[in-house]
2 protein chains.
Amino acid sequence: MTDVTTPQPTPESPIPTRERLLRAAAGLFRNKGYSGTGLAELLAAAEAPKGSLYHHFPNGKSDLALAAADWASEQMLVLIDASFTPAPTFQEGAKTVCYKLAKLFDKQGKWSGCPVSATLFEGPENEAFHQHAAKLFEGWITETAAHARRLGLPEAEARAAAENFYILLQGGWQLARVRRDSDVIRGLHLQMHTPASAPMQVQKNN
Amino acid sequence: MTDVTTPQPTPESPIPTRERLLRAAAGLFRNKGYSGTGLAELLAAAEAPKGSLYHHFPNGKSDLALAAADWASEQMLVLIDASFTPAPTFQEGAKTVCYKLAKLFDKQGKWSGCPVSATLFEGPENEAFHQHAAKLFEGWITETAAHARRLGLPEAEARAAAENFYILLQGGWQLARVRRDSDVIRGLHLQMHTPASAPMQVQKNN
DNA sequence: GGTGGAATAGACCAATCGGTCTAGGAGGGT
DNA sequence: ACCCTCCTAGACCGATTGGTCTATTCCACC
(Lines give C-alpha, C1' and ligand atoms only; values in the text may rest on other atoms or scores of the structure.)
Protein backbone atom coordinates (compact mmCIF):
# COMPACT_ATOMS: atom_id res chain seq x y z
CA MET A 1 0.00 0.00 0.00
CA THR A 2 3.05 2.20 -0.02
CA ASP A 3 4.20 3.98 -3.12
CA VAL A 4 3.22 1.65 -5.85
CA THR A 5 3.43 3.72 -8.97
CA THR A 6 7.14 4.38 -9.18
CA PRO A 7 9.61 1.51 -9.23
CA GLN A 8 12.35 4.05 -8.53
CA PRO A 9 15.56 2.06 -8.87
CA THR A 10 17.49 3.63 -6.07
CA PRO A 11 21.20 3.01 -6.55
CA GLU A 12 21.88 1.64 -3.09
CA SER A 13 18.89 -0.74 -3.14
CA PRO A 14 18.44 -2.19 -6.61
CA ILE A 15 14.93 -3.61 -6.33
CA PRO A 16 14.94 -7.12 -7.75
CA THR A 17 13.21 -7.65 -11.03
CA ARG A 18 10.46 -9.81 -9.63
CA GLU A 19 9.38 -7.14 -7.18
CA ARG A 20 9.65 -4.41 -9.76
CA LEU A 21 7.20 -6.40 -11.82
CA LEU A 22 4.88 -6.85 -8.85
CA ARG A 23 4.88 -3.16 -8.05
CA ALA A 24 4.35 -2.07 -11.59
CA ALA A 25 1.55 -4.58 -12.05
CA ALA A 26 -0.20 -3.64 -8.84
CA GLY A 27 0.04 0.03 -9.70
CA LEU A 28 -1.09 -0.22 -13.27
CA PHE A 29 -3.88 -2.71 -12.66
CA ARG A 30 -5.30 -0.44 -9.99
CA ASN A 31 -5.51 2.42 -12.41
CA LYS A 32 -6.39 0.80 -15.67
CA GLY A 33 -7.64 -2.63 -14.75
CA TYR A 34 -6.30 -6.01 -15.69
CA SER A 35 -7.28 -6.07 -19.32
CA GLY A 36 -6.73 -2.37 -19.68
CA THR A 37 -3.04 -2.80 -19.05
CA GLY A 38 -0.87 -4.10 -21.86
CA LEU A 39 2.26 -6.13 -21.33
CA ALA A 40 4.35 -3.60 -23.20
CA GLU A 41 3.30 -0.78 -20.89
CA LEU A 42 3.72 -2.97 -17.85
CA LEU A 43 7.22 -4.05 -18.80
CA ALA A 44 8.19 -0.49 -19.56
CA ALA A 45 7.01 0.61 -16.12
CA ALA A 46 8.88 -2.23 -14.46
CA GLU A 47 11.94 -1.66 -16.64
CA ALA A 48 12.10 -5.36 -17.26
CA PRO A 49 12.26 -7.32 -20.49
CA LYS A 50 9.60 -9.79 -21.47
CA GLY A 51 11.86 -12.72 -20.78
CA SER A 52 12.08 -11.84 -17.11
CA LEU A 53 8.33 -11.75 -16.77
CA TYR A 54 7.90 -15.25 -18.14
CA HIS A 55 10.80 -16.47 -16.09
CA HIS A 56 9.39 -15.29 -12.77
CA PHE A 57 5.77 -15.87 -13.72
CA PRO A 58 5.60 -18.81 -16.12
CA ASN A 59 1.93 -18.30 -16.91
CA GLY A 60 2.51 -14.69 -17.80
CA LYS A 61 0.03 -11.96 -17.16
CA SER A 62 -2.43 -14.00 -15.14
CA ASP A 63 0.25 -15.33 -12.79
CA LEU A 64 1.54 -11.85 -12.32
CA ALA A 65 -1.93 -10.56 -11.58
CA LEU A 66 -2.53 -13.12 -8.87
CA ALA A 67 0.86 -12.45 -7.30
CA ALA A 68 0.40 -8.69 -7.51
CA ALA A 69 -2.97 -8.99 -5.82
CA ASP A 70 -1.37 -11.03 -3.06
CA TRP A 71 1.33 -8.44 -2.69
CA ALA A 72 -1.14 -5.57 -2.51
CA SER A 73 -3.36 -7.47 -0.10
CA GLU A 74 -0.41 -8.04 2.17
CA GLN A 75 0.29 -4.31 2.21
CA MET A 76 -3.28 -3.73 3.24
CA LEU A 77 -3.04 -6.29 6.04
CA VAL A 78 0.06 -4.55 7.33
CA LEU A 79 -1.81 -1.26 7.34
CA ILE A 80 -4.71 -2.85 9.18
CA ASP A 81 -2.47 -4.34 11.84
CA ALA A 82 -0.48 -1.16 12.23
CA SER A 83 -3.71 0.73 12.79
CA PHE A 84 -5.55 -1.60 15.13
CA THR A 85 -2.71 -2.95 17.26
CA PRO A 86 -2.00 0.26 19.18
CA ALA A 87 -5.64 1.34 19.21
CA PRO A 88 -7.53 1.55 22.50
CA THR A 89 -10.87 0.71 20.90
CA PHE A 90 -12.15 -0.78 17.67
CA GLN A 91 -13.57 2.57 16.69
CA GLU A 92 -10.22 4.24 17.10
CA GLY A 93 -8.46 1.55 15.10
CA ALA A 94 -10.96 1.88 12.29
CA LYS A 95 -10.53 5.61 12.32
CA THR A 96 -6.79 5.21 12.02
CA VAL A 97 -7.18 2.89 9.04
CA CYS A 98 -9.32 5.50 7.33
CA TYR A 99 -6.85 8.28 7.99
CA LYS A 100 -3.87 6.28 6.89
CA LEU A 101 -5.57 5.31 3.67
CA ALA A 102 -6.67 8.85 3.00
CA LYS A 103 -3.15 10.09 3.59
CA LEU A 104 -1.77 7.54 1.18
CA PHE A 105 -4.18 8.69 -1.46
CA ASP A 106 -3.19 12.28 -0.97
CA LYS A 107 0.48 11.48 -1.10
CA GLN A 108 0.42 9.55 -4.34
CA GLY A 109 -1.61 11.97 -6.41
CA LYS A 110 -3.20 9.11 -8.33
CA TRP A 111 -6.68 7.99 -7.42
CA SER A 112 -6.31 4.32 -7.92
CA GLY A 113 -8.98 1.81 -7.11
CA CYS A 114 -8.79 -1.09 -4.72
CA PRO A 115 -5.91 -3.19 -6.00
CA VAL A 116 -7.52 -6.53 -5.39
CA SER A 117 -10.85 -5.80 -6.98
CA ALA A 118 -9.29 -3.91 -9.84
CA THR A 119 -6.99 -6.78 -10.59
CA LEU A 120 -9.24 -9.70 -10.08
CA PHE A 121 -12.83 -8.74 -10.64
CA GLU A 122 -12.57 -8.67 -14.33
CA GLY A 123 -9.54 -10.23 -15.88
CA PRO A 124 -10.51 -13.46 -17.50
CA GLU A 125 -13.87 -14.70 -16.33
CA ASN A 126 -11.61 -17.22 -14.74
CA GLU A 127 -13.07 -18.85 -11.68
CA ALA A 128 -9.61 -19.01 -10.14
CA PHE A 129 -9.42 -15.22 -10.24
CA HIS A 130 -12.73 -14.88 -8.50
CA GLN A 131 -11.85 -17.31 -5.75
CA HIS A 132 -8.51 -15.65 -5.26
CA ALA A 133 -10.17 -12.27 -4.82
CA ALA A 134 -12.69 -13.78 -2.43
CA LYS A 135 -9.91 -15.29 -0.34
CA LEU A 136 -8.03 -12.00 -0.08
CA PHE A 137 -11.14 -10.03 0.81
CA GLU A 138 -12.16 -12.48 3.48
CA GLY A 139 -8.61 -12.23 4.77
CA TRP A 140 -9.05 -8.53 5.39
CA ILE A 141 -12.35 -9.11 7.12
CA THR A 142 -11.03 -11.95 9.23
CA GLU A 143 -8.02 -9.92 10.28
CA THR A 144 -10.21 -6.98 11.21
CA ALA A 145 -12.62 -9.21 13.07
CA ALA A 146 -9.73 -10.63 15.09
CA HIS A 147 -8.78 -7.14 16.17
CA ALA A 148 -12.39 -6.39 17.00
CA ARG A 149 -12.54 -9.42 19.25
CA ARG A 150 -9.27 -8.56 20.86
CA LEU A 151 -10.54 -5.06 21.54
CA GLY A 152 -13.50 -6.36 23.45
CA LEU A 153 -16.33 -6.75 21.00
CA PRO A 154 -18.49 -9.81 21.63
CA GLU A 155 -17.99 -12.66 19.21
CA ALA A 156 -21.13 -12.10 17.15
CA GLU A 157 -20.62 -8.38 16.83
CA ALA A 158 -16.96 -8.62 15.98
CA ARG A 159 -17.44 -10.25 12.64
CA ALA A 160 -20.40 -8.05 11.77
CA ALA A 161 -18.43 -4.94 12.67
CA ALA A 162 -15.52 -6.05 10.53
CA GLU A 163 -17.79 -6.73 7.58
CA ASN A 164 -19.51 -3.43 7.99
CA PHE A 165 -16.20 -1.66 8.15
CA TYR A 166 -15.03 -3.40 5.03
CA ILE A 167 -18.21 -2.46 3.19
CA LEU A 168 -17.87 1.16 4.19
CA LEU A 169 -14.25 1.18 3.18
CA GLN A 170 -14.93 -0.21 -0.26
CA GLY A 171 -17.85 2.09 -0.89
CA GLY A 172 -16.04 5.09 0.46
CA TRP A 173 -12.97 4.22 -1.54
CA GLN A 174 -15.04 4.34 -4.68
CA LEU A 175 -16.78 7.60 -3.88
CA ALA A 176 -13.47 9.15 -2.90
CA ARG A 177 -12.02 8.03 -6.17
CA VAL A 178 -14.80 9.45 -8.26
CA ARG A 179 -14.65 12.74 -6.39
CA ARG A 180 -10.90 12.71 -6.03
CA ASP A 181 -11.46 13.71 -2.45
CA SER A 182 -9.76 11.78 0.32
CA ASP A 183 -11.97 13.43 2.93
CA VAL A 184 -14.67 10.96 2.00
CA ILE A 185 -12.50 8.21 3.44
CA ARG A 186 -11.55 10.27 6.45
CA GLY A 187 -15.21 10.75 7.24
CA LEU A 188 -16.07 7.08 7.00
CA HIS A 189 -15.47 6.18 10.61
CA LEU A 190 -18.22 8.56 11.60
CA GLN A 191 -20.61 6.41 9.66
CA MET A 192 -19.58 3.27 11.40
CA HIS A 193 -22.11 0.95 12.83
CA THR A 194 -21.62 1.13 16.56
CA PRO A 195 -24.08 -1.23 18.19
CA ALA A 196 -23.72 -0.05 21.74
CA SER A 197 -22.41 3.46 21.48
CA ALA A 198 -24.02 6.80 22.08
CA PRO A 199 -26.15 8.23 19.29
CA MET A 200 -23.84 9.93 16.88
CA GLN A 201 -24.54 13.05 14.94
CA VAL A 202 -23.80 13.54 11.31
CA GLN A 203 -20.68 15.56 10.74
CA LYS A 204 -19.57 15.31 7.16
CA ASN A 205 -17.21 17.69 5.54
CA ASN A 206 -19.65 19.17 3.08
CA MET B 1 -31.34 -2.46 -14.29
CA THR B 2 -33.76 -5.00 -15.71
CA ASP B 3 -32.62 -7.97 -17.73
CA VAL B 4 -29.52 -6.72 -19.40
CA THR B 5 -27.75 -9.80 -20.54
CA THR B 6 -30.11 -11.13 -23.14
CA PRO B 7 -31.19 -8.95 -26.03
CA GLN B 8 -33.92 -11.50 -26.78
CA PRO B 9 -35.46 -10.29 -30.04
CA THR B 10 -39.05 -11.03 -29.23
CA PRO B 11 -41.11 -11.26 -32.41
CA GLU B 12 -43.78 -8.80 -31.36
CA SER B 13 -41.32 -6.17 -30.06
CA PRO B 14 -38.24 -6.08 -32.24
CA ILE B 15 -35.85 -4.08 -30.07
CA PRO B 16 -34.22 -1.42 -32.19
CA THR B 17 -30.55 -1.88 -32.97
CA ARG B 18 -29.39 1.09 -30.98
CA GLU B 19 -30.97 -0.21 -27.82
CA ARG B 20 -29.73 -3.73 -28.44
CA LEU B 21 -26.27 -2.26 -28.55
CA LEU B 22 -26.84 -0.35 -25.33
CA ARG B 23 -28.10 -3.40 -23.49
CA ALA B 24 -25.34 -5.63 -24.71
CA ALA B 25 -22.73 -3.03 -23.85
CA ALA B 26 -24.11 -2.37 -20.38
CA GLY B 27 -24.31 -6.08 -19.67
CA LEU B 28 -20.89 -6.99 -20.95
CA PHE B 29 -19.06 -4.02 -19.48
CA ARG B 30 -20.51 -4.83 -16.08
CA ASN B 31 -19.11 -8.31 -16.23
CA LYS B 32 -15.84 -7.91 -18.03
CA GLY B 33 -15.07 -4.23 -17.88
CA TYR B 34 -14.66 -1.74 -20.65
CA SER B 35 -11.34 -2.90 -22.00
CA GLY B 36 -12.12 -6.50 -21.21
CA THR B 37 -14.93 -6.51 -23.74
CA GLY B 38 -14.05 -6.77 -27.40
CA LEU B 39 -16.11 -5.26 -30.17
CA ALA B 40 -16.55 -8.63 -31.81
CA GLU B 41 -18.08 -10.13 -28.69
CA LEU B 42 -20.18 -7.06 -28.13
CA LEU B 43 -21.57 -7.04 -31.63
CA ALA B 44 -22.31 -10.73 -31.44
CA ALA B 45 -24.24 -10.22 -28.21
CA ALA B 46 -26.17 -7.33 -29.72
CA GLU B 47 -26.68 -9.20 -32.98
CA ALA B 48 -25.65 -6.11 -34.84
CA PRO B 49 -23.03 -5.56 -37.51
CA LYS B 50 -20.14 -3.23 -37.05
CA GLY B 51 -21.60 -0.70 -39.42
CA SER B 52 -24.59 -0.16 -37.18
CA LEU B 53 -22.40 0.53 -34.19
CA TYR B 54 -20.48 3.27 -35.95
CA HIS B 55 -23.66 4.66 -37.39
CA HIS B 56 -25.39 5.08 -34.03
CA PHE B 57 -22.21 5.87 -32.10
CA PRO B 58 -19.81 7.67 -34.43
CA ASN B 59 -16.92 7.52 -31.99
CA GLY B 60 -17.31 3.81 -31.58
CA LYS B 61 -16.67 1.99 -28.35
CA SER B 62 -16.16 5.05 -26.18
CA ASP B 63 -19.39 6.68 -27.33
CA LEU B 64 -21.22 3.47 -26.72
CA ALA B 65 -19.72 3.18 -23.25
CA LEU B 66 -20.87 6.64 -22.25
CA ALA B 67 -24.34 6.04 -23.60
CA ALA B 68 -24.56 2.62 -21.98
CA ALA B 69 -23.56 4.11 -18.65
CA ASP B 70 -26.28 6.73 -19.04
CA TRP B 71 -28.76 4.04 -19.86
CA ALA B 72 -27.79 1.93 -16.85
CA SER B 73 -27.79 4.93 -14.58
CA GLU B 74 -31.29 5.79 -15.70
CA GLN B 75 -32.43 2.29 -14.80
CA MET B 76 -30.96 2.78 -11.37
CA LEU B 77 -32.73 6.12 -10.92
CA VAL B 78 -36.00 4.46 -11.84
CA LEU B 79 -35.39 1.81 -9.21
CA ILE B 80 -34.58 4.45 -6.62
CA ASP B 81 -37.73 6.41 -7.36
CA ALA B 82 -39.87 3.31 -7.40
CA SER B 83 -38.52 2.37 -4.00
CA PHE B 84 -38.64 5.69 -2.20
CA THR B 85 -41.81 7.21 -3.60
CA PRO B 86 -44.25 4.87 -1.85
CA ALA B 87 -42.08 4.56 1.26
CA PRO B 88 -43.32 5.91 4.59
CA THR B 89 -39.82 6.67 5.83
CA PHE B 90 -36.34 7.04 4.40
CA GLN B 91 -35.26 3.87 6.15
CA GLU B 92 -38.06 1.93 4.53
CA GLY B 93 -37.26 3.31 1.11
CA ALA B 94 -33.62 2.41 1.48
CA LYS B 95 -34.57 -1.06 2.58
CA THR B 96 -36.72 -1.46 -0.50
CA VAL B 97 -33.86 -0.39 -2.75
CA CYS B 98 -31.66 -3.03 -1.17
CA TYR B 99 -34.25 -5.75 -1.56
CA LYS B 100 -35.03 -4.86 -5.14
CA LEU B 101 -31.37 -4.88 -6.07
CA ALA B 102 -30.79 -8.17 -4.30
CA LYS B 103 -33.73 -9.70 -6.10
CA LEU B 104 -32.41 -8.52 -9.44
CA PHE B 105 -29.08 -10.12 -8.70
CA ASP B 106 -30.73 -13.39 -7.80
CA LYS B 107 -32.90 -13.37 -10.89
CA GLN B 108 -30.14 -12.79 -13.41
CA GLY B 109 -27.70 -15.41 -12.17
CA LYS B 110 -24.78 -13.25 -13.14
CA TRP B 111 -22.98 -11.29 -10.47
CA SER B 112 -22.20 -8.21 -12.39
CA GLY B 113 -20.60 -5.14 -10.90
CA CYS B 114 -21.97 -1.65 -10.79
CA PRO B 115 -22.54 -0.72 -14.43
CA VAL B 116 -21.34 2.83 -14.13
CA SER B 117 -18.12 2.16 -12.30
CA ALA B 118 -17.36 -0.93 -14.37
CA THR B 119 -17.82 1.03 -17.55
CA LEU B 120 -16.18 4.25 -16.67
CA PHE B 121 -13.57 3.76 -14.00
CA GLU B 122 -11.08 2.23 -16.26
CA GLY B 123 -11.60 2.59 -19.94
CA PRO B 124 -9.20 5.08 -21.34
CA GLU B 125 -7.67 7.26 -18.66
CA ASN B 126 -9.88 9.73 -20.39
CA GLU B 127 -10.89 12.64 -18.23
CA ALA B 128 -14.26 12.75 -19.95
CA PHE B 129 -14.98 9.25 -18.73
CA HIS B 130 -14.17 10.18 -15.18
CA GLN B 131 -16.34 13.26 -15.19
CA HIS B 132 -19.17 11.34 -16.75
CA ALA B 133 -19.00 8.74 -14.02
CA ALA B 134 -18.87 11.45 -11.38
CA LYS B 135 -21.95 13.11 -12.82
CA LEU B 136 -23.94 9.90 -12.83
CA PHE B 137 -22.92 8.98 -9.30
CA GLU B 138 -23.80 12.39 -7.96
CA GLY B 139 -27.10 12.03 -9.75
CA TRP B 140 -27.93 8.97 -7.70
CA ILE B 141 -26.96 10.72 -4.50
CA THR B 142 -28.87 13.87 -5.36
CA GLU B 143 -31.96 11.89 -6.23
CA THR B 144 -31.74 9.94 -3.01
CA ALA B 145 -31.16 13.08 -1.00
CA ALA B 146 -34.28 14.63 -2.52
CA HIS B 147 -36.31 11.68 -1.32
CA ALA B 148 -34.70 11.95 2.09
CA ARG B 149 -35.74 15.58 2.34
CA ARG B 150 -39.22 14.81 1.15
CA LEU B 151 -39.50 12.10 3.79
CA GLY B 152 -38.75 14.54 6.55
CA LEU B 153 -35.02 14.46 7.12
CA PRO B 154 -33.55 17.87 7.92
CA GLU B 155 -31.59 19.47 5.13
CA ALA B 156 -28.11 18.75 6.50
CA GLU B 157 -28.85 15.15 7.32
CA ALA B 158 -30.57 14.42 4.03
CA ARG B 159 -27.49 14.72 1.90
CA ALA B 160 -25.32 12.92 4.42
CA ALA B 161 -27.81 10.09 4.64
CA ALA B 162 -27.94 9.78 0.88
CA GLU B 163 -24.16 9.69 0.64
CA ASN B 164 -23.92 7.14 3.36
CA PHE B 165 -26.52 5.00 1.68
CA TYR B 166 -24.67 5.20 -1.59
CA ILE B 167 -21.39 4.23 0.08
CA LEU B 168 -23.00 1.25 1.76
CA LEU B 169 -24.61 0.22 -1.48
CA GLN B 170 -21.39 0.31 -3.43
CA GLY B 171 -19.43 -1.49 -0.77
CA GLY B 172 -22.15 -4.05 -0.22
CA TRP B 173 -22.52 -4.54 -3.94
CA GLN B 174 -18.88 -5.46 -4.15
CA LEU B 175 -18.90 -7.81 -1.19
CA ALA B 176 -22.06 -9.44 -2.49
CA ARG B 177 -20.39 -9.91 -5.82
CA VAL B 178 -17.29 -11.50 -4.43
CA ARG B 179 -19.35 -13.81 -2.25
CA ARG B 180 -22.06 -14.31 -4.81
CA ASP B 181 -24.51 -13.78 -2.01
CA SER B 182 -27.33 -11.30 -2.44
CA ASP B 183 -28.09 -11.42 1.27
CA VAL B 184 -25.21 -9.04 1.82
CA ILE B 185 -27.20 -6.39 0.00
CA ARG B 186 -30.40 -7.31 1.77
CA GLY B 187 -28.68 -6.80 5.10
CA LEU B 188 -27.30 -3.39 4.22
CA HIS B 189 -30.19 -1.33 5.45
CA LEU B 190 -29.56 -2.64 8.95
CA GLN B 191 -26.17 -0.98 8.81
CA MET B 192 -27.57 2.35 7.83
CA HIS B 193 -26.56 5.44 9.63
CA THR B 194 -29.68 6.57 11.41
CA PRO B 195 -28.90 9.77 13.23
CA ALA B 196 -31.97 9.97 15.37
CA SER B 197 -33.32 6.46 15.52
CA ALA B 198 -33.40 3.92 18.29
CA PRO B 199 -30.19 1.98 18.86
CA MET B 200 -30.16 -0.89 16.43
CA GLN B 201 -28.80 -4.32 17.04
CA VAL B 202 -26.66 -6.24 14.64
CA GLN B 203 -28.62 -8.87 12.79
CA LYS B 204 -26.62 -10.17 9.88
CA ASN B 205 -27.39 -13.33 8.07
CA ASN B 206 -24.34 -15.25 9.12
C1' DG C 1 -42.29 4.33 -59.38
C1' DG C 2 -38.65 6.62 -58.40
C1' DT C 3 -35.56 9.06 -55.17
C1' DG C 4 -32.79 10.06 -51.03
C1' DG C 5 -31.40 9.53 -46.58
C1' DA C 6 -31.10 6.21 -42.73
C1' DA C 7 -29.51 1.96 -41.45
C1' DT C 8 -27.30 -2.49 -42.18
C1' DA C 9 -23.67 -5.51 -43.63
C1' DG C 10 -19.08 -7.04 -43.50
C1' DA C 11 -14.55 -6.99 -45.96
C1' DC C 12 -10.46 -4.93 -44.83
C1' DC C 13 -6.62 -2.54 -42.22
C1' DA C 14 -2.73 -1.16 -39.19
C1' DA C 15 -1.70 -1.59 -34.50
C1' DT C 16 -1.44 -4.02 -30.57
C1' DC C 17 -2.35 -7.96 -27.90
C1' DG C 18 -0.29 -11.91 -24.96
C1' DG C 19 2.89 -15.46 -25.57
C1' DT C 20 6.97 -18.33 -27.40
C1' DC C 21 11.61 -19.06 -28.28
C1' DT C 22 16.53 -18.62 -28.85
C1' DA C 23 20.68 -16.39 -27.50
C1' DG C 24 23.58 -14.26 -24.31
C1' DG C 25 25.28 -12.46 -19.77
C1' DA C 26 26.32 -12.99 -14.66
C1' DG C 27 28.30 -15.35 -11.11
C1' DG C 28 29.28 -19.14 -8.02
C1' DG C 29 31.25 -23.96 -7.47
C1' DT C 30 34.78 -27.12 -8.49
C1' DA D 1 39.20 -22.67 -17.02
C1' DC D 2 34.98 -24.80 -17.30
C1' DC D 3 30.34 -25.60 -16.60
C1' DC D 4 25.88 -25.08 -14.95
C1' DT D 5 22.08 -22.56 -13.41
C1' DC D 6 19.55 -18.38 -12.94
C1' DC D 7 18.18 -14.58 -15.16
C1' DT D 8 18.04 -11.05 -18.78
C1' DA D 9 17.20 -9.55 -23.46
C1' DG D 10 14.36 -8.90 -27.32
C1' DA D 11 13.21 -10.71 -32.02
C1' DC D 12 9.37 -12.91 -33.59
C1' DC D 13 4.55 -14.97 -34.03
C1' DG D 14 -0.42 -15.66 -34.87
C1' DA D 15 -4.56 -13.83 -33.02
C1' DT D 16 -7.32 -10.20 -31.92
C1' DT D 17 -8.05 -5.42 -31.20
C1' DG D 18 -10.74 -1.00 -32.45
C1' DG D 19 -11.66 1.51 -36.48
C1' DT D 20 -12.49 2.74 -41.61
C1' DC D 21 -14.72 2.32 -45.82
C1' DT D 22 -17.68 0.86 -49.56
C1' DA D 23 -21.70 -1.55 -51.02
C1' DT D 24 -26.26 -2.75 -50.22
C1' DT D 25 -30.90 -2.85 -48.24
C1' DC D 26 -34.78 -0.66 -46.33
C1' DC D 27 -38.45 2.54 -46.18
C1' DA D 28 -40.73 7.05 -45.99
C1' DC D 29 -42.01 10.57 -48.97
C1' DC D 30 -42.96 13.01 -53.28
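Residue numbers start from 1 in every chain, and the chains themselves are labelled A, B, ... in the order their sequence lines are given, proteins ahead of strands. Values reported hereafter were calculated over all heavy atoms of this structure, with side chains retained and with hydrogens, waters and symmetry mates removed.
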Check nucleotides 10-15 of chain C against the protein and report each pair of N or O atoms closer than 3.5 Å, with its distance, or say if there are none.
| residue | atom | partner | partner atom | Å |
| --- | --- | --- | --- | --- |
| C/dG10 | O6 | B/Gly51 | N | 3.3 |

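In this structure, OH of B/Tyr54 is placed 15 Å from C1' of C/dT8, rounded to the nearest angstrom. Note: CG (A/Leu39) to P (D/dA9) measures 17 Å, nearest angstrom. The distance between atom CD of A/Glu47 and atom P of D/dC7, rounded to the nearest whole Å, is 19 Å. When rounded to the nearest whole Å, the span between CZ of B/Phe57 and C1' of C/dA7 equals 13 Å. Whole-Å rounding puts the B/Leu42 CG to D/dG18 P distance at 9 Å. In this structure, A/Leu53 atom CG and D/dG10 atom P are separated by 14 Å, rounded to whole Å.
In the set D/dC7, D/dG18, C/dG18, D/dC7 carries the atom at the smallest distance from any side-chain atom of A/His56. Nearest to the side-chain atoms of B/His55 among the listed nucleotides C/dA6, D/dT8, C/dC17 stands C/dA6.
Each of B/Ala48 and A/Ala40 lies near DNA chain C, and the nucleotide nearest B/Ala48 is the one positioned closer to the 5' end.
Taking the six-membered ring for Trp and thresholds of 30 and 60 degrees, B/Phe165 and B/Phe84 have ring planes more than 60 degrees apart, a perpendicular arrangement.
In this structure B/Ala176 satisfies the side-chain contact (heavy atoms from CB on, under 4.5 Å) test together with B/Trp111, B/Val184, B/Ile185, sequence neighbours excluded.
Pairs engaging residues 129-149 of chain A under the salt bridge (Lys or Arg N to Asp or Glu O under 4.0 Å) rule: A/Glu138-A/Arg159, A/Glu138-B/Arg179, A/Arg149-A/Glu155 [sequence neighbours left out].
The minimum heavy-atom distance linking B/Gly36 with B/Glu41 is given by the pair O-OE1, 4.4 Å.
For the 3.5 Å distance criterion, the side chains of B/His132 and B/Asp70 qualify, holding a donor opposite an acceptor.
Using a cutoff of 4.0 Å between basic side-chain nitrogens and carboxylate oxygens, B/Lys103 and B/Asp106 are not scored as salt-bridged.
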